[in-house]
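In what follows, every chain begins at residue 1, and chains take the letters A, B, ... in the order their sequences are listed.
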Amino acid sequence: MVATASTLAPGAVQALHSTVIGWYETHARDLPWRAPDASPWAVMVSEFMLQQTPVKRVLPAYAAWLERWPTPAALAADAPGEAVRMWGRLGYPRRALRLHGAAVAITERHGGEVPADHAELLALPGVGEYTAAAVASFAFRQRHAVLDTNVRRVFARAVTGVEYPANATTAAERRTARELLPAGDERAATWAVAVMELGALVCTARGPECGGCPLLADCAWQRAGRPPYQGPARRGQTYEGTDRQVRGKLLAVLREATGLVAQGQLDVVWPDAVQRARALDGLVADGLVEPVGPGTYRLPR
DNA sequence: GACGCGTGGGG
DNA sequence: TCCCCAAGCGT
């Protein structure tokens, strides 16, 4: 590939589509949310869970979730705290709350059917640019630029010739993604999932398997000799000793309790009372924890 | 645009 | 071991 997609001849772009889609047809993982009978709701559930959580850990949680709540209305009829409890240890439990909120909105505003319209998807809690495009593309087979971390990395390497994309998505990346989109809806949807899968399985962040890459001969990064990342330091995630860690410990107690939780049960999970109180306040402010009387808490109802 | 937000696994 | 990463979102 070359520096910008727009400089490619139309025939070259179509060949690129065939290359990646052909690779996908023989290498794609057999994931349940890609099954032909997966509902739009199932696709949406998978997308929420996959926001920053690896596929392997999502698989069992996804199955249990849909078993319990096979429709948006089923989830909406339950308490948000039940969603938080069911979320278990997937991480970022606000996603569970937002998924519940999305189910309520779908039930109230869309007659219980996940909307196919991109703008309506985007208006749902917890649905951002990526998730709206992913659901519209994967569940409804529409033509959208689906830009996740995998796709961004594939484009950074194959198109731009750098090892990693910038920290935040740029206008140039959106333009590239749009320009490389196949013309037809169905083919665009397959292309979207195929590029993502290539990034997940071959063009990985660490230890990419370039030898098995269908784009080896077309890759700008390969052609440049696979230069290492040069840009600004990529944002690290500190965790030990942070409020996040304390929130996680507090919420774990709430999740595992069957009913009300007394202050004393929370106090034992973290020695610093000031930080502990701040973390608990944050959980309450986020709607993840509900105070019920003095020194008593529970998951929200 | 930069942060804050969980949790676990692979190199 | 430690560090980095994992189909992002909301503020």
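Here B:dC5 presents its C1' atom at 13 Å from CG of A:L97, a figure rounded to the nearest Å. Between the CG atom of A:L254 and the P atom of B:dG6 there is a distance of 13 Å, rounded to whole Å. A:D243 places its CG atom 10 Å from the P atom of B:dG6, with the value rounded to the nearest Å. Here the P atom of nucleotide B:dG4 and the CG atom of A:N167 are 13 Å apart, to the nearest Å. Atom pair A:R255:CZ and B:dG6:P shows a separation of 10 Å (rounding to whole Å applied). At whole-Å resolution of the value, NZ in A:K249 and P in B:dT7 are 9 Å apart. Rounded to whole angstrom, the span from the OH atom of A:Y229 across to the P atom of C:dC3 amounts to 19 Å. One atom, CG of A:D286, and another, C1' of B:dC5, lie 8 Å apart when rounded to the nearest Å.
A:Y239 comes within 4.0 angstrom of a base, heavy atoms only.
The minimum heavy-atom distance linking A:L59 with A:P32 is given by the pair CD2-CD, 3.5 Å.
Remark on DNA chain B: of its neighbouring residues A:L90 and A:T169, the 5'-side contact belongs to A:T169, judged by nearest-heavy-atom nucleotide.
The pair A:E82-A:R301 fails the salt-bridge criterion, with no side-chain N (NZ, NE, NH1 or NH2) lying under 4.0 Å from an Asp/Glu carboxylate O. Salt bridge A:E163/A:R226: absent, no basic N to carboxylate O contact under 4.0 Å.
At least one donor-acceptor pair under 3.5 Å links the side chain of A:R95 to the backbone N or O of A:L90.
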- What does nucleotides 4-11 of chain C look like as a protein-contact string, B for base, S for sugar-phosphate only, - for none, at under 4.0 angstrom between heavy atoms? BBBBBSS-
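Every residue two or more places apart in sequence or in another chain that forms a ring-ring contact (aromatic ring centres under 6.0 Å, His included) with A:Y62 is listed here: A:W33. Residues satisfying the salt bridge (Lys or Arg N to Asp or Glu O under 4.0 Å) test with A:R247, not counting sequence neighbours, are A:D286.
Distances shown here put a side-chain N or O of A:R247 below 4.0 Å from the OP1 or OP2 atom of B:dG6.
Separation of the P atoms belonging to C:dA7 and B:dC5 is 22 Å when rounded to the nearest angstrom. Nucleotides C:dT1 and B:dG8 are separated by 16 Å at their C1' atoms, to the nearest Å.
Within a 6.0 Å sphere centred on CD of A:E256, heavy atoms belonging to other residues, nucleotides or ligands number more than 12.
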